[in-house]
Amino acid sequence: EASKMGPLRGAMGMHLAGSLLIFSCAFLAVVGSLFPLLPTGNVGASAVQQRIRGGQGVRTGSMRRGASVLRYFSDSNKNLNRHRHAFSNIGGGSRLAGKDSILKCKSSAEILGITQKSMELLREKSPESMKDMLSILEGFMMEYAETNVQAGTPPAKFQELMSQSMTVMGAALTHPHKFDILHRAIREPFDYYRWGVDFFRPLLEKDNSKIYGEDNLKKIIQYIESGDNVVLLSNHQTEVDPQAIEILLEDSGCDLASQLIFVAGHKVTTDPLAIPFSLGQNLLCIHSKKYIENPPEQKNEKQSHNRKTMKKMQDLLKDGSTFLWVAPSGGRDRPDPETREFTVAPFDERSVQMFKLMATKAESASGKKTHFFPMAMLTHELVPPPDGIKAAVGEKRSAKRGAANIWFGDEVIESEADPSKFYHDIMNQVIRKYDTLKETRMQQKKQMAEVA
């Protein structure tokens with residue numbers, strides 16, 4: 001038995017060492033991004049942008065403390081392009097200095113010590129208003145690092161990604177971006193779209209993730225290329241649904257992924273931990289009906305905002321070649337309290353009919369036709385939502401690996417004889433396709449368990 005356990009212990013040791021190495025990189029990156037070395041001289045924006053483009057984004061140096069850090073947090077004019085990145089010599093001189101650096105640690109205990117000291121420094125120097133967010137970030141990044149170990153991400157690649165990730169997350173925590181009604185993905189000087197896709201790619205179990213309904217996807221591509229519009233009416237399960245769709249589309253060879261416009265609720269544009277990923281998406285920003293009366297004094301303002309969003313959407317449909325994704329349920333699916341299984345949340349029929357009416361008006365004004373396709377998504381294993389529904393931002397996140405499967409359903413055509421048939425056809429397709437995806441995933445897990 002001892003001879004059998006020897007290799008197992010060795011494998012476990014290497015797995016632990018890899019996990020700890022990545023944990024250290026992640027949290028040293030957090031320190032560097034949230035507490036950058038304040039410049040002692042003038043630094044050109046172009047030089048900083050070049051470092052960001054090159055994935056360097058980090059420099060060694062001593063951490064300025066006290067008043068300098070407080071001035072940094074209070075300066076509302078700071079932004080990503082002015083960040084200089086530095087890491088304190090914490091824990092006996094361990095350093096991280098770009099893609100080619102080596103983490104100099106004597107033992108796993110020292111790595112754990114660095115992580116602990118890094119978090120202590122973050123808590124010590126962070127404004128009180130950031131404490132809860134940093135606690136959420138800590139839990140998420142620890143799990144994200146473990147996920148990258150499981151995915152076999154090379155430490156050098158992970159280190160490069162984290163130096164970028166913690167920079168943009170740090171900027172979002174200190175100076176949240178204000179989104180317009182129509183937000184176009186920011187692709188330069190820093191490519192938020194590519195970063196977001198690369199960030200979440202390790203979470204997907206590639207062998208268990210798939211696109212179904214490829215014939216319908218081909219029709220969608222043909223419609224968009226001919227100048228028509230396409231609206232995907234989908235269930236919604238996780239904050240990373242946009243990246244999951246984009247990864248699967250890219251892997252299938254479809255180049256329309258970056259053209260998708262997502263109708264997005266307030267959480268993904270106001271939660272500091274979601275903002276960096278939202279910056280890389282095309283968004284039509286709207287207030288969900290679930291939260292429009294919370295708080296009551298903002299109801300009129302939110303309704304006015306939504307009317308402007310609908311006007312912008314209709315303009316896009318008039319322009320043609322618009323590719324929209326919308327969740328008519330108004331939010332993410334949740335697990336059943338008793339069975340713990342996710343179920344598709346019912347679509348709001350008035351919302352579905354409203355989109356159809358807007359498409360009809362746009363076609364009358366411009367001649368651009370809009371085609372409606374139901375979409376079923378099984379993605380809740382990736383950053384699953386909390387059990388309850390709340391309007392406040394700041395929910396905890398999980399970064400475990402999982403499958404992502406999507407199904408492009410058949411195009412739904414309006415029936416003049418029965419207007420409600422349009423809604424019911426869409427709803428029924430989504431439920432049927434989702435149930436098939438769920439059954440397929442259950443069989444996958446069963447086979448994986450048998451092999452294990």
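Residue numbers count from 1 along this sequence.
For the pair Thr238 (side chain) and Leu382 (backbone), a donor-acceptor distance under 3.5 Å is present. Remark: the backbone N or O of Asn300 is not paired with any side-chain donor or acceptor of Ser304 at under 3.5 angstrom. Checking side-chain atoms of Arg350 against main-chain N and O of Asp348 turns up no donor-acceptor pair under 3.5 Å. Formation of a donor-acceptor pair under 3.5 Å by the Asp180 side chain with backbone atoms of Leu182 is not found in this model. In this structure, His305 contributes its side chain and Cys285 its backbone to a donor-acceptor pair below 3.5 Å. With hydrogens and angles disregarded, no donor-acceptor distance shorter than 3.5 Å links the side chain of Asp333 to the backbone of Phe342. Side-chain atoms of Asn229 never come within 3.5 Å of backbone atoms of Ile224 as a donor-acceptor pair (strictly under, hydrogens ignored). The backbone N or O of His266 sits less than 3.5 Å from a side-chain atom of Thr269, completing a donor-acceptor pair. Looking at His183, its side chain does come within 3.5 Å of a backbone N or O of Leu279 through a donor-acceptor pair. Asn282 contributes a side-chain N or O that, together with a main-chain N or O of Leu260, makes up a donor-acceptor pair within less than 3.5 Å.
A cation-pi geometry, defined here as NZ or CZ lying under 6.0 Å from the six-membered ring centre and within 45° of its normal, holds between Lys356 and Phe422.
Taking a cutoff of 4.0 Å between a charged side-chain nitrogen and a carboxylate oxygen, Arg397 and Glu143 do not qualify as a salt bridge. Under 4.0 Å is where a charged nitrogen must lie from a carboxylate oxygen, and between Asp336 and Arg340 no such pair does.
Taking the centre of each ring, Tyr434 and Trp407 stay at or above the 6.0 Å mark. If you look at Tyr192 and Phe277, their ring centroids are not closer than 6.0 Å.
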Practice problem: Just do the salt bridge (charged side-chain N to carboxylate O under 4.0 Å, His left out) check on Lys267 and Glu239 with the steps written out, would you? | Solution: CA-CA 9 Å; Lys267 286 190 177 182; Glu239 286 179 318; over 6 Å; no
Practice problem: Please lay out, stage by stage, how Lys219 and Asp215 fare under the test salt bridge (charged side-chain N to carboxylate O under 4.0 Å, His left out). | Solution: CA-CA 7 Å; Lys219 290 181 182 179; Asp215 288 342; over 6 Å; no
Quiz item: Should Arg194 and Glu250 be marked as a salt bridge (charged side-chain N to carboxylate O under 4.0 Å, His left out) after you check the CA-CA gap, both sets of side-chain angles, and the distance that decides it?
Solution: CA-CA 11 Å; Arg194 178 53 48 201; Glu250 285 187 0; 2.9 Å; yes
Exercise. Apply the test side-chain contact (heavy atoms from CB on, under 4.5 Å) to residues Thr309 and Lys312: give CA-CA distance (whole Å), side-chain angles for both, the deciding distance (0.1 Å), then the verdict.
Key: CA-CA 5 Å; Thr309 300; Lys312 177 62 69 174; 5.7 Å; no
Exercise. May I have the step-by-step check of side-chain contact (heavy atoms from CB on, under 4.5 Å) for Arg187 and Ser258, ending in yes or no?
Key: CA-CA 10 Å; Arg187 304 299 301 264; Ser258 62; 3.8 Å; yes
Quiz item: Does the side-chain contact (heavy atoms from CB on, under 4.5 Å) test come out yes or no for Glu411 and Ile220, once each step is laid out?
Solution: CA-CA 9 Å; Glu411 181 177 1; Ile220 290 171; over 6 Å; no
Practice problem: Check the pair Leu324, Val230 against side-chain contact (heavy atoms from CB on, under 4.5 Å), reporting the backbone distance first and the verdict last. | Solution: CA-CA 6 Å; Leu324 284 175; Val230 171; over 6 Å; no
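Of all non-hydrogen atoms in Ser278 and Phe179, the two that sit nearest each other are CB-CZ, 3.8 Å. When all heavy atoms are compared, the tightest approach of Ser209 to Ala403 is OG-CA, 3.6 Å. Across Asn235 and Phe347, no two heavy atoms sit closer than the pair N-CZ, 3.7 Å. Here the shortest heavy-atom pairing between Met427 and Ala345 reads CE-O, 4.1 Å. Residues Ser252 and Ile211 share a closest heavy-atom pair of OG-CD1, 3.9 Å. Of all the heavy atoms in Lys421 and Ser415, the pair that sits closest is CD-CB, 4.0 Å.
You'll find the side chain of Lys368 stays beyond 4.5 Å of the side chain of Asp319, heavy atoms only. At least one side-chain heavy atom of Leu203 sits less than 4.5 Å from a side-chain heavy atom of Val383. The side-chain heavy atoms of Val412 and Pro374, taken from C-beta on, include a pair separated by under 4.5 Å. Looking at Leu233 and Val430, their side chains never come closer than 4.5 Å, going by heavy atoms from C-beta outward. Residues Leu284 and Leu316 are in side-chain contact: their nearest non-hydrogen atoms beyond the backbone lie under 4.5 Å apart. Side-chain atoms of Asn208 and Met448, non-hydrogen and from C-beta on, do get closer than 4.5 Å to each other. You'll find the side chain of Lys318 stays beyond 4.5 Å of the side chain of Ser364, heavy atoms only. Between Glu341 and Pro335, the closest side-chain pair of non-hydrogen atoms is not below 4.5 Å.
Taking the six-membered ring where tryptophan is involved, the planes of Tyr144 and Phe140 are essentially parallel, since the angle between them stays under 30° and well short of 60°.
With His371 as the partner, the ring-ring contact (aromatic ring centres under 6.0 Å, His included) test is satisfied by one option alone out of Phe408, Phe323, Phe355, Tyr223: Tyr223. The residue from Arg401, Lys445, Lys400 that alone fulfils the salt bridge (charged side-chain N to carboxylate O under 4.0 Å, His left out) condition with Glu381 is Lys445.
The environment of Lys438 atom NZ is dense: over 12 non-hydrogen atoms of other residues, nucleotides or ligands sit within 6.0 angstrom. When the shell of 6.0 Å around CE of Met442 is examined, it contains 12 or fewer heavy atoms from other residues, nucleotides or ligands. Environment of CG in Asp410: crowded, with over 12 heavy atoms of neighbouring residues, nucleotides or ligands closer than 6.0 Å.
Under the 3.5 Å distance criterion, with hydrogens and angles disregarded, a donor-acceptor pair is assigned to the side chains of Gln444 and Arg441. Gln443 and Gln447 share no side-chain donor-acceptor pair at under 3.5 Å. Residues Thr379 and Asp241 have side chains that bring a donor and an acceptor to within less than 3.5 angstrom of each other.
For the atom pair CG (Leu248) and CG (Asn405), the distance works out to 7.5 Å, reported to the nearest 0.5 Å. Annotation: the span from Cys254 atom SG to Glu214 atom CD amounts to 10.5 Å, rounded to 0.5 Å. Interatomic distance, Gln259 CD to Ile261 CD1, rounded to the nearest 0.5 Å: 9.0 Å.
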